[in-house]
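Read through the structure below, which is laid out as structure tokens, and then see the notes.
Quick note: residue numbers are just sequence positions, from 1.
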Amino acid sequence: LMPVGIAPDVKVAIASENLSSGDYVNIWDDSGTEKVRLADKSNSRDAHGFVKDAFLSGASATVYFEGANANFSGLTIGGRVYLDTIGNVTQTPPTSGIHQFLGIAIDANTVNTDIDDCIVL
């Protein structure tokens, strides 16, 4: 048994599009209904969290706001990770759209997520 307040930092919201395991996502208001969709630097959808599982559109998706996102490959260990397009990440600092730091690559497959504010370029 864990003490009160010790649990993963998560939120459940309706997926408004299909999401894949590891996608970084944007939480938005759809006429008063909280929904989640792919974060994307090219269309001003900053990342609020990520999903650890795949969800179909209309399903209740669990969004994680911090911690290990182990769904990548080829990351440079110790390198900074930024939001890219359609829920993906890049280790190259963006020069257009949204510039948003997501965390540090702690191994070739894992981002230690610590999402920062975004800057619109």
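Closest of all the heavy-atom pairs between Ala61 and Val36 is CB-CG1, 3.9 Å.
No side-chain heavy atom of Val89 sits under 4.5 Å from any side-chain heavy atom of Tyr82. The shortest side-chain heavy-atom distance between Val25 and Arg37 does not fall under the 4.5 Å cut-off. Looking at heavy atoms from C-beta onward, Asp23 lies out of side-chain contact with Phe50 at the 4.5 angstrom threshold.
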**Request:** Check the pair Leu38, Leu19 against side chain to side chain contact (heavy atoms under 4.5 Å, CB included), reporting the backbone distance first and the verdict last.
**Result:** CA-CA 7 Å; Leu38 293 170; Leu19 304 172; 3.7 Å; yes

**Request:** Evaluate side chain to side chain contact (heavy atoms under 4.5 Å, CB included) for Phe55 paired with Ser20, printing each intermediate quantity in order.
**Result:** CA-CA 7 Å; Phe55 297 96; Ser20 297; over 6 Å; no

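One finds the CD1 atom of Ile27 at 6.5 Å from the NE2 atom of His48 (value rounded to the nearest 0.5 Å). Separation of atoms CG (Leu83) and SG (Cys118) is listed at 8.5 Å; rounding is to 0.5 Å.
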Under 3.5 Å, side-chain donor or acceptor atoms of residues 62-71 against the rest of the protein: list the pairs with distances, not counting sequence neighbours.
{"from": "Asn69", "atom 1": "OD1", "to": "Asn71", "atom 2": "ND2", "distance (Å)": "3.0"}
{"from": "Asn69", "atom 1": "ND2", "to": "Gly22", "atom 2": "O", "distance (Å)": "3.0"}
{"from": "Asn69", "atom 1": "ND2", "to": "Tyr24", "atom 2": "OH", "distance (Å)": "3.4"}
{"from": "Asn71", "atom 1": "OD1", "to": "Ser21", "atom 2": "OG", "distance (Å)": "2.8"}

Show me, pair by pair, the donor-acceptor contacts under 3.5 angstrom made by side chains of residues 97-107, not counting sequence neighbours?
{"from": "Gln100", "atom 1": "OE1", "to": "Ala47", "atom 2": "N", "distance (Å)": "2.7"}
{"from": "Gln100", "atom 1": "NE2", "to": "Ala47", "atom 2": "O", "distance (Å)": "3.0"}
{"from": "Gln100", "atom 1": "NE2", "to": "Asp116", "atom 2": "O", "distance (Å)": "2.9"}
{"from": "Asp107", "atom 1": "OD1", "to": "Asn109", "atom 2": "N", "distance (Å)": "2.8"}
{"from": "Asp107", "atom 1": "OD1", "to": "Thr110", "atom 2": "N", "distance (Å)": "2.8"}
{"from": "Asp107", "atom 1": "OD1", "to": "Thr110", "atom 2": "OG1", "distance (Å)": "2.9"}
{"from": "Asp107", "atom 1": "OD2", "to": "Thr110", "atom 2": "OG1", "distance (Å)": "3.3"}

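Side-chain heavy-atom separations under 4.5 angstrom define the hydrophobic clusters, and the remaining members of the one that includes Ile119 are Leu121.
Every residue two or more places apart in sequence or in another chain that forms a salt bridge (Lys or Arg N to Asp or Glu O under 4.0 Å) with Asp30 is listed here: Lys35. Listed by chain and number, the residues in a side-chain hydrogen bond (donor to acceptor under 3.5 Å, both in side chains) with Thr85 amount to none (sequence neighbours excluded).
Residue pairs satisfying the salt bridge (charged side-chain N to carboxylate O under 4.0 Å, His left out) criterion with at least one member in residues 38-50, sequence neighbours excluded, are listed as follows: Glu17-Arg45, Lys41-Asp84.
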